**Student:** 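Structure below; questions to follow.
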Amino acid sequence: MPLKSIRQALNEALAQEMRRDPTIIVIGEDVAGGAGSDGQRDAYGGVLGVTKGLIGEFGEARVIDTPITESAIMGAAAGAAVTGLRPVAELMFSDFFGVCFDQIFNQAAKFRYMFGGKAKTPLVIRTMIGAGRSAAAQHSQSPYGIFTAVPGLKCVVPSNAYDAKGLLIQAIRDDDPVIFCEHKLMYDLRAEVPDEPYTIPFGEANVVRDGNDVTVVALARMVHYAMTAADELSKDGIEIELIDPRTTSPLDEDTILESVERTGRLVIVDEATPRCSIATDIAALVADKAFAALKAPIRRVTAPHTPVPFAPDLEKLYIPSPEKIAAAVREVYGYGR
Amino acid sequence: MPLKSIRQALNEALAQEMRRDPTIIVIGEDVAGGAGSDGQRDAYGGVLGVTKGLIGEFGEARVIDTPITESAIMGAAAGAAVTGLRPVAELMFSDFFGVCFDQIFNQAAKFRYMFGGKAKTPLVIRTMIGAGRSAAAQHSQSPYGIFTAVPGLKCVVPSNAYDAKGLLIQAIRDDDPVIFCEHKLMYDLRAEVPDEPYTIPFGEANVVRDGNDVTVVALARMVHYAMTAADELSKDGIEIELIDPRTTSPLDEDTILESVERTGRLVIVDEATPRCSIATDIAALVADKAFAALKAPIRRVTAPHTPVPFAPDLEKLYIPSPEKIAAAVREVYGYGR
Amino acid sequence: MPMQLNRDDLIRAYRSMATIRRFEERVQEEFSKGGIPGFVHLYAGEEASAVGVCQHLGPKDYIASTHRGHGHSIAKGCDVGGMMKELFAKQGGLCGGKGGSMHIADLDQGMLGANGIVGGGPPLVVGAALTAKTLGNGHVAVCFSGDGASNQGTTFEALNMAVVLKLPAIFVFENNQYGEGTGFSYHCGSRDIAGRAAGFGLPAVKVNGDNFFEVHEAAHEAIERARSGGGPSAIEVDTCRFYGHHSGDAQLYRGKDEVKNLREQRDCLKHFRTRVSEAALLEADALDAVDAEVAALVDRAIVDARAAESPDASELLTHVYVSY
Amino acid sequence: MPMQLNRDDLIRAYRSMATIRRFEERVQEEFSKGGIPGFVHLYAGEEASAVGVCQHLGPKDYIASTHRGHGHSIAKGCDVGGMMKELFAKQGGLCGGKGGSMHIADLDQGMLGANGIVGGGPPLVVGAALTAKTLGNGHVAVCFSGDGASNQGTTFEALNMAVVLKLPAIFVFENNQYGEGTGFSYHCGSRDIAGRAAGFGLPAVKVNGDNFFEVHEAAHEAIERARSGGGPSAIEVDTCRFYGHHSGDAQLYRGKDEVKNLREQRDCLKHFRTRVSEAALLEADALDAVDAEVAALVDRAIVDARAAESPDASELLTHVYVSY
Ligand SMILES: Cc1ncc(C[n+]2csc(CCOP(=O)(O)OP(=O)(O)O)c2C)c(N)n1
Ligand SMILES: Cc1ncc(C[n+]2csc(CCOP(=O)(O)OP(=O)(O)O)c2C)c(N)n1
Ligand SMILES: [Mg+2]
Ligand SMILES: [Mg+2]
């Protein structure tokens with residue numbers, strides 16, 4: 001199978017779906033770029049090139065550059081979705097949700113319920129998450145915990161190119177509003193990705209690695225850090241079971257619970273801040289539904305309760321590291337032995 | 001001691017602090033009301049009357065009615081706070097945070113960190129939370145979990161008039177941004193409240209009721225539902241220890257952990273929706289730091305993962321009830337006996 | 001302009017306005033009696049705005065409304081019985097009792113919903129207009145907003161976006177002089193909504209909302225422009241509300257006799273009656289017949305709403321997602 | 001207008017502009033070499049805007065800046081050494097290395113910070129102006145925004161709020177014709193920022209940003225008006241950027257030779273030099289001396305920044321709260 005980067009996988013997913021369904025549009029800031037300028041159209045194709053080339057094939061009517069106006073972008077997408085289009089809107093950085101969240105959580109996500117089931121809002125919001133680029137406090141956050149908390153919204157957090165394509169196609173075909181979180185440091189990460197379209201159902205976790213000693217749940221970039229830790233640990237004979245939920249809403253509770261039933265030990269790795277987060281969400285789930293099986297405290301390896309610092313040295317300490325993950329696993333593994 | 005409603009307690013706290021410190025201003029929509037109209041000034045004094053009378057004593061320069069423009073209100077408060085005032089801004093309903101959250105979580109809450117400790121942002125945001133008034137999906141939410149998740153922001157959720165006054169005065173004197181959540185159904189709830197100003201420190205939970213069987217943590221209106229449940233339960237000889245954290249950020253972890261060390265059993269009651277919430281936050285805390293003491297699964301009694309329904313019968317089912325709380329406690333109490 | 005309207009059009013317009021008036025008056029009564037939960041914001045006094053605009057719209061054209069949405073819903077063709085059941089939180093309500101007055105909606109009638117968020121509607125109308133433009137179906141989207149909402153950032157963003165994308169969108173600003181208890185002369189720095197909107201690069205006019213025909217004419221022009229690819233427009237309707245901001249509002253911000261004078265001097269239904277009689281377009285008893293007809297309709301709706309069942313408990317958990 | 005400015009003023013103005021230019025040119029070099037982490041957005045080409053405005057401000061007057069904040073910081077009096085250390089993420093940086101280019105700030109100099117959020121600054125300036133009005137200290141607050149930011153809802157809200165509260169606020173829109181790679185003629189429906197702002201009910205003018213003196217004059221008027229209780233104003237500065245949106249931008253959206261022509265025909269420093277020499281206000285060698293002086297200053301700042309230590313690991317957890 002051909003190797004493709006996450007960028008390529010996402011671009012391919014968008015192009016293939018847009019070919020299939022003329023009601024799909026892409027809308028956002030510089031999703032093409034060069035509008036109203038003397039230079040090239042498609043000058044950017046998205047600030048990180050994910051939508052590059054789409055305007056060439058699908059034209060300005062379906063690949064829509066906008067002013068800097070996130071509330072109008074999200075509202076346009078929500079309003080278009082509820083009236084018959086399937087918009088894929090871009091929120092350049094997820095950190096910007098604060099200027100437009102009403103259109104997402106009070107409007108798009110609640111239409112169906114408020115209107116007694118009459119509305120359908122097939123909306124996809126693509127957005128960038130993650131620290132590690134020295135982009136500082138307002139361009140490095142991972143607010144998927146907040147997105148997950150919203151009833152009516154679905155939240156996707158892919159960790160590799162294969163999942164990225166299948167989950168994005170699923171998101172586009174899905175009849176509910178979906179927020180799709182792309183980690184800014186992973187766009188060039190390559191994996192085998194089929195050329196033909198395929199979907200990955202929401203709410204089905206990926207067991208990245210089997211093991212019977214400790215269950216580790218990790219998301220996005222942390223999946224790869226957890227794998228690094230796993231290799232280290234297995235040298236010492238500690239075999240972790242690594243679970244990538246892939247979607248946080250819906251969450252595949254069964255796969256996590258079944259694994260903990262077996263291992264009795266759980267570590268959750270999350271690049272987001274620690275309060276009221278997906279890490280606490282999964283810990284609470286297990287402390288309720290798999291309590292009897294638990295042999296050790298549930299440890300969370302997360303960012304600290306601080307904004308993201310600019311200085312690379314500080315940022316490196318901010319982000320969970322393979323070392324910290326391994327240390328937490330060792331602690332949990334050793335507990336009560 | 002005189003009995004006062006939460007409304008009176010808050011109003012008194014504001015008036016007393018404004019007398020003490022001329023840099024304190026109140027700003028928001030209809031915090032007085034009647035601006036630019038032919039009728040009375042102070043026509044509202046806040047839509048629920050909390051700021052009534054302040055404009056009479058302190059004038060238009062310090063009690064500022066605004067257009068409907070939450071981003072400008074929160075930004076004005078943040079900008080004023082960082083330049084020398086102590087604004088108490090009103091976000092009428094917390095459900096409206098989606099139109100102005102950037103100014104709160106990316107600006108006010110991050111100034112100090114981003115600027116290397118040079119900024120001080122003594123800002124209070126008063127806002128209304130809670131279901132039960134048939135105000136439907138966009139006027140009934142309790143997003144304090146989202147506020148708690150924000151590093152740099154403090155979050156207060158009072159449950160009675162005595163705490164309301166002491167916590168609001170603390171919030172006003174506090175040098176960090178504080179969001180102060182008032183439950184819309186509790187304004188008329190009365191308690192003994194001293195006439196003189198006093199403060200209640202943040203991060204100190206209130207043990208509302210002592211007991212050794214099951215620890216119950218509840219917030220705001222749920223504290224009272226938990227008390228009702230407690231009376232029921234104690235008839236059957238089950239004595240709960242009821243803890244009201246009062247502030248979710250900072251959270252008094254020690255009081256909760258010490259209690260669970262004793263009881264070994266925990267139920268968390270939260271009116272908010274269940275995902276990535278303060279309920280999961282506290283469950284995760286205990287599943288990590290008090291694991292050894294746990295004798296039963298940690299149960300959460302929360303709203304379902306749905307928007308708030310309009311119909312009173314449905315809304316009643318949406319909100320945790322004393323019956324549901326008692327049932328959860330019984331389950332946890334009976335576990336493993 | 002009445003000339004453009006034949007007898008049926010006039011009757012249709014009057015019936016719509018009279019239905020709204022009667023609906024709101026009866027809702028006020030029922031609310032006071034306690035039959036209607038939550039908050040209601042009544043539209044009485046502003047009927048000519050909703051009807052003058054919606055007369056030009058078909059069910060496949062869209063409107064987005066505000067917290068004060070009953071009038072827009074009726075003008076757009078929503079079923080009065082279903083509306084009343086919704087306000088009473090009953091089965092058979094337009095939203096099955098899950099939305100209520102503040103979220104009343106009927107997508108089949110192109111009514112995208114009342115909105116609990118001031119300024120929530122304008123971005124959504126950009127989207128509905130974008131659908132129309134993308135599908136090239138000649139439909140338009142109309143956004144109703146209040147004077148207070150005209151200051152909200154989302155509203156301004158929607159205006160600019162509609163101009164940039166040359167969308168078939170019409171922004172109707174119903175200036176009833178108040179945002180809750182705060183007066184227009186205070187909250188709107190420019191004291192001129194249409195003028196401020198015009199600065200965004202779209203045609204914007206001011207009309208007298210007491211005069212159905214003025215609204216109708218201005219809306220005709222803007223909507224035709226939109227349908228024919230001419231892009232967005234704005235209309236500021238000078239109007240007034242006969243009740244409080246919400247039912248139960250003490251209205252202390254009102255001047256002495258303000259409401260009394262409004263009802264006497266600025267009643268758009270009275271104005272309509274006078275106009276059509278003077279122009280000998282409709283006879284008084286034809287209009288009286290309509291009044292009687294809509295009174296019966298609304299009263300029947302209330303009887304039915306009272307009698308209807310509350311939603312089944314299972315409804316708490318339905319309609320969160322299409323699939324999950 | 002040069003007449004109003006004495007020799008010292010002119011030298012001061014030129015020094016400030018020249019410092020910005022040199023700062024940005026050297027930052028571009030260092031960024032390319034990899035010494036500067038993260039994103040940087042360079043201000044070269046727009047110097048006359050920041051300096052023409054800030055010449056009228058004292059340390060107790062406030063400014064809010066944008067992601068493109070180096071020029072505003074220098075014009076407002078921030079220490080170049082501390083700025084450079086901040087960009088290099090080092091100890092001794094204005095924010096201790098925790099903010100970086102996008103959050104560079106110095107409250108002691110009245111610089112409320114660059115901002116990573118487009119449209120983040122305008123509401124904050126409303127607040128700073130509110131402080132000045134409340135304390136009655138005669139200070140003013142200036143908001144720098146780009147043409148792209150002029151479409152953001154927060155910006156419009158701030159304009160209206162400033163008018164409603166009659167605040168000593170000045171909104172300076174630096175129109176460099178682009179928001180990232182999207183042209184002004186596309187993203188601004190009115191194609192006229194000042195005109196659109198005027199619709200909000202405040203005086204708004206357009207000036208040529210290549211001409212320091214035009215900016216200086218317009219800013220003088222607006223700032224004096226604000227100081228004397230005359231309320232807010234807006235100024236649209238027609239300007240241009242010599243580099244990409246951010247360092248590393250391929251700038252494919254630029255026309256052929258666009259940057260070359262801008263540098264030749266629209267260089268505000270060249271324009272200043274010509275003006276003052278023609279008017280015989282300053283001799284070439286006085287200006288050359290300034291160039292040499294600022295070159296040394298900036299080069300030294302880079303040497304120091306390179307040599308400085310990274311923040312101590314403990315800094316990760318400090319400054320989240322005053323107390324917690
Ligand atoms: C974002 C937001 N802010 C505030 C409110 C509270 N609120 C509801 S209606 C209203 C007044 C709206 O005034 P206007 O737009 O003129 O509409 P009108 O009520 O006059 O029809 C306010 C402030 C809200 N619902 N949403
Ligand atoms: C809310 C928000 N949306 C988008 C961005 C991404 N972004 C950063 S700068 C920029 C362009 C700003 O253009 P303009 O306001 O004209 O300022 P200029 O870069 O030209 O100085 C964009 C879109 C952002 N930082 N914040
Ligand atoms: Mg109004
Ligand atoms: Mg620009």
Side-chain angles (χ1 to χ4, degrees), chain B residues 22-25 27 35-36 60-62 64-85 87 89 99-100 102-103 106-123 151-154 174-178 201-203 249-250, chain D residues 60 62 64 86 93-100 102-108 110 112-117 119-137 139 141 152-162 164-165 167 311 315 318-324:
Chain B
T23 67
I24 298 168
I25 61 166
I27 184 167
E60 294 194 337
R62 291 181 62 195
I64 304 169
D65 278 327
T66 70
I68 303 165
T69 181
E70 285 78 13
S71 285
I73 296 166
M74 294 304 137
V82 81
T83 54
L85 299 186
V99 295
C100 60
D102 182 72
Q103 290 294 326
N106 269 337
Q107 311 294 338
K110 291 183 170 65
F111 284 155
R112 187 170 181 80
Y113 195 85
M114 293 190 300
F115 302 164
K118 295 222 187 87
K120 218 177 65 176
T121 312
L123 161 64
L153 189 61
K154 294 175 177 175
D174 199 277
D175 282 332
D176 293 306
V178 178
F202 291 167
S249 176
Chain D
K60 289 196 165 335
Y62 285 103
E86 189 57 36
L94 286 184
C95 306
K98 292 164 86 164
M102 240 189 308
H103 305 297
I104 195 153
D106 187 348
L107 295 173
D108 301 336
L112 291 178
N115 210 307
I117 302 299
L124 297 172
V125 159
V126 168
L130 182 59
T131 297
K133 184 191 176 196
T134 306
L135 303 180
N137 54 22
H139 299 313
Q152 193 67 290
T154 52
T155 306
F156 296 119
E157 290 191 22
L159 288 171
N160 186 56
M161 185 87 137
V164 168
L165 301 181
L167 298 176
E315 285 297 306
T318 57
H319 309 315
V320 183
Y321 298 93
V322 173
S323 62
Y324 197 65

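As a basis for the values below, the full set of heavy atoms in this structure was taken, side chains included, without hydrogen atoms, waters or symmetry mates. We name chains A, B, ... by the order of the sequence lines, and we start the count at 1 in each one. What you see is a predicted model; the values in this text were computed from it and never measured.
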**Student:** So which part of Leu167(D) gets closer than 4.5 Å to some heavy atom of chain B, the side chain, the backbone, both or neither?
**Tutor:**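 Leu167(D) has no heavy atom closer than 4.5 Å to chain B.
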
**Student:** Cut-off 3.5 Å, no hydrogens considered: what does the side-chain donor-acceptor table look like for residues 67-83 of chain B, sequence neighbours left out?
**Tutor:**
unit_1	atom_1	unit_2	atom_2	d
Thr69(B)	OG1	Glu157(D)	OE1	2.6
Glu70(B)	OE1	Gln152(C)	NE2	2.9
Ser71(B)	OG	Val99(B)	O	2.6
Thr83(B)	OG1	Gly79(B)	O	2.7
Thr83(B)	OG1	Ala80(B)	O	3.1
Thr83(B)	OG1	Thr131(D)	OG1	2.6

**Student:** Quick check on the interface: out of Asn115(D), Thr155(D), Leu135(D), who has the most heavy-atom pairs with chain B under 4.5 Å?
**Tutor:**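 Winner by heavy-atom pair count: Asn115(D).
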
**Student:** If you count heavy-atom pairs under 4.5 Å with chain D, which of Thr66(B), Leu85(B), Asp65(B) comes out on top?
**Tutor:**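 Option with the greatest count: Leu85(B).
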
**Student:** My understanding is that only residues two or more places apart in sequence, or in another chain, count here; which of them pass ring pair (Phe, Tyr, Trp, His ring centres under 6.0 Å) with Phe111(B)?
**Tutor:**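 Partners of Phe111(B) by the ring pair (Phe, Tyr, Trp, His ring centres under 6.0 Å) criterion, ordered by chain and then number, come out as Phe115(B).
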
**Student:** Just verifying a value: how many Å separate Ile25(B) CD1 and Lys133(D) NZ, rounded to the nearest 0.5 Å?
**Tutor:**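 These two atoms lie 10.0 Å from each other.
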
**Student:** For the backbone of Thr318(D) and the side chain of Tyr113(B), can you confirm whether one donor and one acceptor N or O come within less than 3.5 Å of each other?
**Tutor:**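 Absent.
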
**Student:** Is chain D contacted by the side chain of Thr121(B), its backbone, both, or neither, given a heavy-atom distance below 4.5 Å?
**Tutor:**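 For Thr121(B), neither part sits under 4.5 Å from chain D.
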
**Student:** Under 4.5 Å, counting heavy-atom pairs only, tell me which of Gly110(D), Pro122(D), Gly116(D), Ala128(D) racks up the most with chain B.
**Tutor:**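 The answer is Ala128(D).
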
**Student:** When only pairs under 4.5 Å are counted, which of Thr154(D), Leu94(D), Asn160(D), Asp108(D) shares the most heavy-atom pairs with chain B?
**Tutor:**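 Looking at each of Thr154(D), Leu94(D), Asn160(D), Asp108(D) in turn, Leu94(D) comes out on top.
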
**Student:** Measuring heavy-atom distances to chain B, does Tyr321(D) have an atom under 4.5 Å in its side chain, in its backbone, in both, or in neither?
**Tutor:**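 Both the backbone and the side chain of Tyr321(D) come within 4.5 Å of chain B.
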
**Student:** With respect to chain B, which residue among Ala158(D), Gly96(D), Gly113(D), Gly120(D) yields the maximal number of heavy-atom pairs within a distance under 4.5 Å?
**Tutor:**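 Going by pairs under 4.5 Å, I would pick Gly120(D).
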
**Student:** Any idea which heavy atoms bring Gly100(D) and Glu86(D) closest together, and the distance?
**Tutor:**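 Smallest heavy-atom distance, with atoms named: N-OE2, 2.7 Å.
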
**Student:** Where on Asp175(B) is there a heavy atom nearer than 4.5 Å to chain D: the side chain, the backbone, both, or neither?
**Tutor:**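 Contact with chain D: backbone and side chain both.
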
**Student:** Counting only non-hydrogen atoms closer than 4.5 Å, does Leu130(D) touch chain B with its backbone (N, CA, C, O), its side chain (CB onward), both, or neither?
**Tutor:**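 Both parts, backbone and side chain.
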
**Student:** On a heavy-atom basis, which atom in Ala105(D) and which in Cys95(D) lie closest, and how many Å separate them?
**Tutor:**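 Minimum heavy-atom contact is N-SG, 3.6 Å.
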
**Student:** Using a cut-off of under 4.5 Å for heavy-atom pairs, which of Lys118(B), Arg62(B), Gln103(B), Lys120(B) has the most such pairs with chain D?
**Tutor:**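 So the answer, after comparing Lys118(B), Arg62(B), Gln103(B), Lys120(B), is Gln103(B).
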
**Student:** Any donor-acceptor pair under 3.5 Å linking the side chain of Lys154(B) with the backbone of Phe202(B)?
**Tutor:**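 Side chain of Lys154(B) to backbone of Phe202(B), a donor-acceptor pair under 3.5 Å: no, none is there.
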
**Student:** Given a strict heavy-atom distance threshold of 4.5 Å, which part of Glu315(D) is in contact with chain B: side chain, backbone, both, or neither?
**Tutor:**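 Backbone only.
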
**Student:** Would you mind checking which part of Val320(D) comes under 4.5 Å of any heavy atom in chain B, side chain (CB onward), backbone (N, CA, C, O), both or neither?
**Tutor:**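 Both parts, heavy atoms under 4.5 Å.
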
**Student:** Looking at Gln107(B), Lys110(B), Glu60(B), which makes the most heavy-atom pairs under 4.5 Å with chain D?
**Tutor:**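 Option with the top pair count is Gln107(B).
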
**Student:** Shorter than 4.5 Å, heavy atoms on both sides: which option in Thr134(D), Ile104(D), Asp106(D) has the most such pairs with chain B?
**Tutor:**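 With the most close heavy-atom pairs to chain B, the winner is Thr134(D).
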
**Student:** So do Leu107(D) and Leu112(D) actually touch side chain to side chain, heavy atoms under 4.5 Å?
**Tutor:**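 They are in contact (side-chain heavy atoms under 4.5 Å apart), so the answer is yes.
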
